[in-house]
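Here the structure is a predicted model, which means the values were calculated and not measured.
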Amino acid sequence: MQQEPLPAVCSYAAMIPSSAAFSSAQGWVLSFSSGSALSAGTGAILDMFGFPMRLSNYFLPTLRETPAEAEIVSHRLMLRAGLIRQESAGIYAWMPLGLRVLRKIEQVVREEQDRAGAIELLMPTIQSADLWRESGRYDDYGKEMLRIQDRHERDMLFGPTNEEMITEIFRASVKSYRDLPLNLYHIQWKFRDEVRPRFGVMRSREFLMKDAYSFDLDKDSARHSYNRMFVAYLRTFKRLGLTAIPMKAESGPIGGDMSHEFIILADTGESEVFCDRQLLGLPTPPIDVDFGSDLNPLVEEWLSFYAATSEMHEDGRFEASVPEDRRVSARGIEVGHIFYFGTKYSEPMGAKVAGPDGEERPVHMGSYGIGPSRLAAAIIEASHDDGGIIWPAPIAPFDVGLINLRADDAGTGAACEALYAALEAAGVEVLYDDTDARAGAKFANMDLIGLPVQVVVGPKGLAENTIEVKTRAGGERKSIPLDTAAAEVEGMVKAAKQAFAV
RNA sequence: CGGGGCAUAGCGCAGUCUGGUAGCGCACCUGCUUUGGGAGCAGGGGGUCGCAAGUUCGAAUCUUGCUGCCCCGACCA
């Protein structure tokens, strides 16, 4: 079972001291700094604070009506479910529930990057224009780059990407081929001043991106670094509940000659894509894939089937290489992009290493992007129904939505509290709807925010010592005995997550 | 950046043509009733009508300028 993401919890805990209302909770500051608290599951930490996620105390501003500006379903649902709020064109605030999703996506991405041998660091959002003058991109990048000046009238910019900066970091410290290969990544906010931002966080100006940068002595080893990210991406998207297909891509303004986009199929996709149906069923590389081994056969298998975006599509080749009943032509959303671009930056910026022969040569580089903020929207595009979002279990903001149908009833209240405590102790994240809204409103709201498992506690069932559980994805409900409910729900949550494990 | 549209309460909208006390539904607050799929009744709060000039006795409404936002296209994680 993967580790639960701590950042969301940390930020939540950090907010507590600012509110006098919580000052009666004792000892939490000390508890928080203890190692055992941090190593425990998220739920256990919250429980330790004695501050459960009661909806009555939470901040979840959902909307019953759809804001007029939202065109596509993910944008509508993200606004309605209180995940995001637009602050300016293409610029969004992430509300608590949305932030939890974003952190979970980040964490899956992080785990797979780490597994593939990439090393995390964190570069700033603001960069010096001088760095970009070195590579020549300061003039090339155009108006998409947000240019700013500091108080000394120095030219700065809000980074749209980090090739220059990582190259600068690399060249300052790495001088020998013995330190290669190296792959450094960070997960940081980027800004691209899109002419027309749209579709919410799918195509925003400010967006969160995981960008990794590989450094190798020559093209062959760079190819291996590329393959490692290729495999990591296949695993990452699968764990997020997505079937992403690598497609040959144009390398765009970043440049280079080996490049693939990872595309998921969705009706609202921005681009037209064509591929062989076989790709949809190819097995995802397993968790124990050896990243040190030759990954070429694995990658080549994926690349042996036809797959292309409309820009790279050739009708003739498509029809010649794919039998008619296997031809898929659909719309797709780009969720990742990997490039090999050789010495495009290392050469002009002087990032050189000495080879075994003592000769210095520019390193061969690649860059590898995934947009977690965009993924949140893409996942909703791929997983929703008329009632709202259906989160894949691994990235759901909470595992369980616990509904108390009668907030003023001592019996249901006690049953909910007991269930809540038992589930949290088992490491299950629970959002407890203890509000006094009506049943219908609670059900609709819970469906909207899409938690994988709903637990409904009402006076009727309780009279027979039962509660009801419902899975959001399939909609199945069943009554189960109260005394085994916690164990059963825990099992459902674990099974739901297990279904996404690869 | 070309083309089109919109801007009135947190959200969805009417009112603008034809200038005269700023409205409706949802949400919010109070009370009572209700309580297993977005309850009912009664009462209540919330608005520089995007901004600025102008015309007028009087501007949400007419004029001009500006700004913001959305949609289509070209471009992109």
K.L.:
Do any side-chain nitrogens or oxygens of A:Lys143 fall under 4.0 Å of OP1 or OP2 in B:C1?
P.N.:
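Affirmative; the distance criterion is met.
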K.L.:
Is there a donor and acceptor pair, one atom on the side chain of A:Arg198 and one on the base of B:C72, closer than 3.5 Å?
P.N.:
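Donor-acceptor pair under 3.5 Å: no.
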K.L.:
If pairing requires Watson-Crick or G-U wobble contacts with both distances under 3.5 Å, which nucleotide is the partner of B:U18?
P.N.:
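Partner of B:U18: none.
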K.L.:
Could you check how far CD of A:Gln454 sits from P of B:G37, rounded to whole Å?
P.N.:
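Answer to the nearest Å: 14 Å.
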K.L.:
Dump the pairs, protein N or O against N or O of nucleotides 28-34 of chain B, anything under 3.5 Å, distances to one decimal.
P.N.:
unit_1, atom_1, unit_2, atom_2, d
B:U34, O2, A:Arg438, NH1, 2.7

K.L.:
Considering only atom C1', compute the distance from B:U48 to B:A9 and round it to an integer number of Å.
P.N.:
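That atom pair is separated by 13 Å.
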K.L.:
Side chain to side chain contact (heavy atoms under 4.5 Å, CB included) with A:Ser329: which residues, sequence neighbours excluded?
P.N.:
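So A:Ser329 forms a side chain to side chain contact (heavy atoms under 4.5 Å, CB included) with A:Phe274.
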K.L.:
Sugar-phosphate means primed atoms, P, OP1 and OP2; the rest is base. With that split, encode nucleotides 9-14 of chain B 5' to 3' as B, S or - using protein heavy atoms under 4.0 Å.
P.N.:
--BSS-
K.L.:
Just to be sure I understand the rule, does A:Ser204 reach a base, reach only the sugar-phosphate, or reach nothing, if contact means heavy atoms closer than 4.0 Å?
P.N.:
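Base contact.
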K.L.:
So what does A:Ala439 hit on the nucleic acid, given a heavy-atom distance under 4.0 Å: a base, only sugar-phosphate, or nothing?
P.N.:
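Since only primed, P, OP1 and OP2 atoms lie under 4.0 Å of A:Ala439, the category is sugar-phosphate.
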K.L.:
When the distance from CD of A:Glu311 to P of B:A74 is rounded to whole Å, what number comes out?
P.N.:
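A:Glu311 atom CD is separated from B:A74 atom P by 11 Å.
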K.L.:
Taking atom P in both B:G50 and B:C69, what distance in whole Å separates the two?
P.N.:
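Rounded to whole Å, the distance is 16 Å.
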K.L.:
Return the set of residues passing ring-ring contact (aromatic ring centres under 6.0 Å, His included) with A:Phe170 (not counting sequence neighbours), or none when no residue passes.
P.N.:
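For A:Phe170 the ring-ring contact (aromatic ring centres under 6.0 Å, His included) partners, ignoring immediate neighbours, are A:Phe215.
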K.L.:
Quick one: ring-ring contact (aromatic ring centres under 6.0 Å, His included) partners of A:Trp132, sequence neighbours excluded?
P.N.:
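Checked A:Trp132 against ring-ring contact (aromatic ring centres under 6.0 Å, His included); matches are A:Tyr141.
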K.L.:
Report yes or no: is the cationic atom of A:Arg137 (NZ for Lys, CZ for Arg) under 6.0 Å from the centre of the six-membered ring of A:Tyr345, at an angle within 45° of the ring normal?
P.N.:
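No.
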K.L.:
Base, sugar-phosphate alone, or nothing: which one does A:Asp211 contact when heavy atoms must sit under 4.0 Å apart?
P.N.:
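No contact.
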K.L.:
From the list B:G36, B:A74, B:C76, which nucleotide is the closest neighbour of the side chain of A:Val195?
P.N.:
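My answer, after comparing the listed nucleotides, is B:A74.
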K.L.:
Atom CD1 of A:Ile379 and atom C1' of B:A77: how far apart are they, to the nearest Å?
P.N.:
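Computing the A:Ile379:CD1 to B:A77:C1' distance gives 14 Å.
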K.L.:
Could I get the full list of side chain to side chain contact (heavy atoms under 4.5 Å, CB included) partners for A:Asp267, not counting sequence neighbours?
P.N.:
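In terms of side chain to side chain contact (heavy atoms under 4.5 Å, CB included), with neighbours along the sequence ignored, A:Asp267 is linked to no residue.
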K.L.:
Stacking here means centres under 5.5 Å and planes under 30°; does A:Phe207 stack on B:A77?
P.N.:
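One would call A:Phe207 stacked on the B:A77 base.
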K.L.:
For the C1' atoms, the ones on B:U55 and on B:G19, what distance do you get once it is rounded to whole angstrom?
P.N.:
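Taking atom C1' in both B:U55 and B:G19, they lie 11 Å apart.
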K.L.:
Quick one: what's the B/S/- string for nucleotides 41-48 of chain B, heavy-atom cutoff under 4.0 Å, read 5' to 3'?
P.N.:
--------
K.L.:
With rounding to whole Å, what would you report as the distance between B:G46 and B:C28 at their C1' atoms?
P.N.:
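After rounding to an integer number of Å, I get 9 Å for this pair.
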K.L.:
Restricting to side chain to side chain donor-acceptor pair (under 3.5 Å), what partner residues turn up for A:Thr471, sequence neighbours left out?
P.N.:
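For A:Thr471 the side chain to side chain donor-acceptor pair (under 3.5 Å) partners, ignoring immediate neighbours, are A:Glu476.
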K.L.:
With respect to the phosphate group of B:C69, does any side-chain polar atom (N or O) of A:Ser88 fall under 4.0 Å of OP1 or OP2?
P.N.:
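A:Ser88 to B:C69 OP1/OP2: side-chain N or O found under 4.0 Å.
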K.L.:
Which is true for A:Gln86 with a 4.0 Å heavy-atom rule: it touches a base, it touches only sugar-phosphate, or it touches nothing?
P.N.:
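Here A:Gln86 touches the backbone only, sparing every base.
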K.L.:
In whole angstrom, what separates A:Phe443's CZ from B:U35's C1'?
P.N.:
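Whole-Å distance recorded here is 11 Å.
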K.L.:
Pick out which of A:Gln113, A:Arg110, A:Lys210 makes a side chain to side chain donor-acceptor pair (under 3.5 Å) with A:Glu120.
P.N.:
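Going through A:Gln113, A:Arg110, A:Lys210 one by one, the side chain to side chain donor-acceptor pair (under 3.5 Å) with A:Glu120 is satisfied by A:Arg110 alone.
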K.L.:
Checking A:Arg133 now: which residues fulfil salt bridge (Lys or Arg N to Asp or Glu O under 4.0 Å) with it, not counting sequence neighbours?
P.N.:
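A:Arg133 satisfies salt bridge (Lys or Arg N to Asp or Glu O under 4.0 Å) with A:Asp130, A:Asp155 once adjacent residues are dropped.
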K.L.:
What's the gap between B:C75 and B:C29 when it is taken at their P atoms, as a whole Å value?
P.N.:
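Approximately 50 Å lies between the P atom of B:C75 and that of B:C29.
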K.L.:
Using the ring of A:Tyr92 (Phe, Tyr or Trp, six-membered ring only), decide whether A:Arg85 places NZ or CZ under 6.0 Å from its centre and within 45 degrees of its axis.
P.N.:
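Here A:Arg85 fails the 6.0 Å and 45° test against A:Tyr92.
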K.L.:
Under the rule for side chain to side chain contact (heavy atoms under 4.5 Å, CB included), what residues qualify as partners of A:Gln454, not counting sequence neighbours?
P.N.:
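By the side chain to side chain contact (heavy atoms under 4.5 Å, CB included) rule, A:Gln454 matches A:Met446, A:Asp447, A:Lys470, A:Arg472.
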K.L.:
Output all residues satisfying salt bridge (Lys or Arg N to Asp or Glu O under 4.0 Å) with A:Arg64, sequence neighbours left out; order by chain, then residue number.
P.N.:
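Partners of A:Arg64 under the salt bridge (Lys or Arg N to Asp or Glu O under 4.0 Å) test: none.
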K.L.:
Taking a pair as Watson-Crick or G-U wobble with both distances under 3.5 Å, which nucleotide is matched to B:C1?
P.N.:
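B:G73 - that is the nucleotide pairing with B:C1, both distances being under 3.5 Å.
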K.L.:
Not counting sequence neighbours, which residues clear side chain to side chain donor-acceptor pair (under 3.5 Å) with A:Glu311? List them please.
P.N.:
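Scan of A:Glu311 (side chain to side chain donor-acceptor pair (under 3.5 Å), adjacent residues dropped) gives A:Thr309.
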K.L.:
In whole Å, what is the span from the CZ atom of A:Phe199 to the C1' atom of B:C76?
P.N.:
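Result: 12 Å.
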K.L.:
Just call it for A:Gly458: base, sugar-phosphate, or nothing, with non-hydrogen atoms closer than 4.0 Å on any strand.
P.N.:
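Result for A:Gly458 = base.
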K.L.:
Classify the ring geometry between A:Phe237 and A:Tyr233 as parallel (under 30°), tilted (30 to 60°) or perpendicular (over 60°).
P.N.:
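Rings of A:Phe237 and A:Tyr233: perpendicular, as their planes differ by over 60°.
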K.L.:
Calculate the interatomic distance between A:Arg196 atom CZ and B:G5 atom P; express it in whole Å.
P.N.:
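After rounding, the gap between these two atoms is 15 Å.
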K.L.:
Distance check, P atoms only: B:U16 and B:C62, in whole angstrom units.
P.N.:
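So the two P atoms sit 9 Å from each other.
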